[in-house]
Amino acid sequence: MDGSPDLLNVVDVEATCWEKQPPPGQVSEIIEIGLTVVDLRAGERVAKHRILVRPARSQVSPFCTELTGLTAAEVEGGLSFREACRALAVRHRTAELPWASWGDYDRNQFTRQCRHTGTEYPFTSRHTNAKVAFTAAHGLRRRPGMAQALEVAGLPLEGRHHRGDDDAWNIAALVLDLAKRGAWPGG
């Protein structure tokens, strides 16, 4: 990929989760980072990536596996959070390119986890909350979840919902739909 200013990283994370409260001593940690590169000028999704992240202060619960499909054994083979952030910056130029996520959860989770681990934040400050942009463009009163937004936009849900790489791919489709309508901020 070149240094095109029209490239946008769309990010979605999955984190350890529990049906109720986390067990004592455990906290929600990123276990998967999905990233889709969007070329806004060409109007296409140009790359789909997935980084598995090994949790340090929690374990993947049966509830989490049911929701995401990710198993404890699978994420145990992932990168450390620090290595994953480094990979984002080096391989995906996240400190240079603007990025988007569905809502603020992903941005906030990275902020919290970077602060707690002393890891350098891997993203630029040029973040767009795609959920807010979508809600405004469609004149909705409530902010929809990603799957509901796909229905509103008449787009299919591709892959497995609650998988970082598939969710980033689907969010990227929503971003491109907004851009095509002239409703993507800065687009």
Side-chain angles (χ1 to χ4, degrees), residues 1-17 27-53 55-57 78-138 140 143-146 149 162-187:
M1 284 178 287
D2 63 16
S4 171
D6 298 313
L7 296 180
L8 172 74
N9 284 325
V10 176
V11 175
D12 184 80
V13 301
E14 300 304 326
T16 50
C17 55
V27 297
S28 184
E29 296 178 277
I30 294 170
I31 55 174
E32 181 190 27
I33 303 165
L35 186 146
T36 295
V37 181
V38 171
D39 184 328
L40 291 167
R41 179 174 288 159
E44 62 185 18
R45 299 173 285 188
V46 295
K48 180 180 180 181
H49 304 281
R50 176 183 192 216
I51 299 173
L52 291 178
V53 183
R57 300 184 306 140
L79 301 175
S80 71
F81 179 69
R82 185 179 305 276
E83 291 167 331
C85 287
R86 210 171 299 129
L88 286 168
V90 172
R91 287 189 234 149
H92 305 293
R93 300 178 25 231
T94 56
E96 303 167 36
L97 296 175
W99 69 294
S101 62
W102 194 258
D104 283 326
Y105 172 81
D106 307 84
R107 184 177 56 79
N108 290 335
Q109 182 65 33
F110 266 103
T111 300
R112 274 191 305 274
Q113 205 162 331
C114 283
R115 185 174 35 243
H116 178 79
T117 61
T119 301
E120 186 175 344
Y121 188 71
F123 297 102
T124 176
S125 61
R126 293 176 296 157
H127 173 263
T128 301
N129 181 331
K131 184 189 279 193
V132 169
F134 183 89
T135 302
H138 286 272
L140 303 174
R143 294 180 184 167
M146 184 212 56
H162 299 298
R163 276 302 277 265
D165 57 342
D166 289 338
D167 284 355
W169 186 255
N170 285 304
I171 295 163
L174 290 164
V175 167
L176 289 171
D177 187 63
L178 289 172
K180 188 169 69 177
R181 297 163 47 102
W184 184 249

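Partners of K48 by salt bridge (charged side-chain N to carboxylate O under 4.0 Å, His left out), not counting sequence neighbours, listed by chain and number: D166. Applying the salt bridge (charged side-chain N to carboxylate O under 4.0 Å, His left out) test to E120 and every residue at least two apart in sequence or in another chain returns nothing. Partners of H138 by ring-ring contact (aromatic ring centres under 6.0 Å, His included), not counting sequence neighbours, listed by chain and number: F134. The salt bridge (charged side-chain N to carboxylate O under 4.0 Å, His left out) test applied to E32 returns R50, R163, not counting sequence neighbours. The ring-ring contact (aromatic ring centres under 6.0 Å, His included) search around H127 returns W99, not counting sequence neighbours.
Between I51 and A87, the shortest heavy-atom distance links the atoms CD1-CB, 4.3 Å. The heavy-atom pair separating A179 from L40 by the smallest distance is CB-CD2, 4.2 Å. Closest of all the heavy-atom pairs between C85 and P122 is O-CB, 3.6 Å. When all heavy atoms of R181 and A137 are compared, the closest pair comes out as NH2-O, 3.3 Å. Contact between A172 and T36 at its shortest, heavy atoms only, is CB-CG2, 3.6 Å. Scanning both residues, I33 and A84, for their nearest heavy atoms gives CD1-CB, 4.0 Å.
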Test side-chain contact (heavy atoms from CB on, under 4.5 Å) applied to L7 and V37, step by step = CA-CA 7 Å; L7 296 180; V37 181; 4.1 Å; yes
Test log, rule side-chain contact (heavy atoms from CB on, under 4.5 Å), inputs Q113 and F81 = CA-CA 8 Å; Q113 205 162 331; F81 179 69; 3.3 Å; yes
Assess whether side-chain contact (heavy atoms from CB on, under 4.5 Å) is satisfied between L35 and T94, documenting all intermediate values.
-> CA-CA 10 Å; L35 186 146; T94 56; 4.1 Å; yes
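If you take NE2 on H162 and SG on C17, they are separated by 9.0 Å, rounding to the nearest 0.5 Å. The OH atom of Y105 lies 4.0 Å from the OG atom of S28; values are rounded to the nearest 0.5 Å. Between the CG atom of D6 and the CG atom of L97 there is a distance of 10.5 Å, given to the nearest 0.5 Å.
A 4.5 Å side-chain heavy-atom check between E14 and D167 finds at least one atom pair inside the cut-off. Contact of the V10 side chain with the W102 side chain is not registered, since no non-hydrogen atoms from C-beta on lie closer than 4.5 Å. Annotation: side chain of P144 is in contact with side chain of T135 (closest heavy-atom distance under 4.5 Å).
Residue L8 is tested with D39, V175, L176 for a side chain to side chain contact (heavy atoms under 4.5 Å, CB included); the sole match is V175.
In the model, R57 has a side-chain atom that pairs as donor or acceptor with a side-chain atom of H116 under 3.5 Å.
No side-chain donor-acceptor contact under 3.5 Å links N170 to the backbone of M146. E29 places no side-chain N or O within 3.5 Å of a backbone atom of V53 that could act as its donor or acceptor partner. Between the T128 side chain and the A100 main chain, no donor and acceptor come within less than 3.5 Å of each other.
A 6.0 Å sphere centred on CZ of R143 holds no more than 12 heavy atoms belonging to other residues, nucleotides or ligands.
Note on ring orientation: taking the six-membered ring where Trp is involved, the planes of H49 and H92 are tilted (angle from 30° to 60°).
Screening residues 106-116 for salt bridge (charged side-chain N to carboxylate O under 4.0 Å, His left out) gives D104-R107 as the qualifying pairs, with residues at least two apart or on separate chains.
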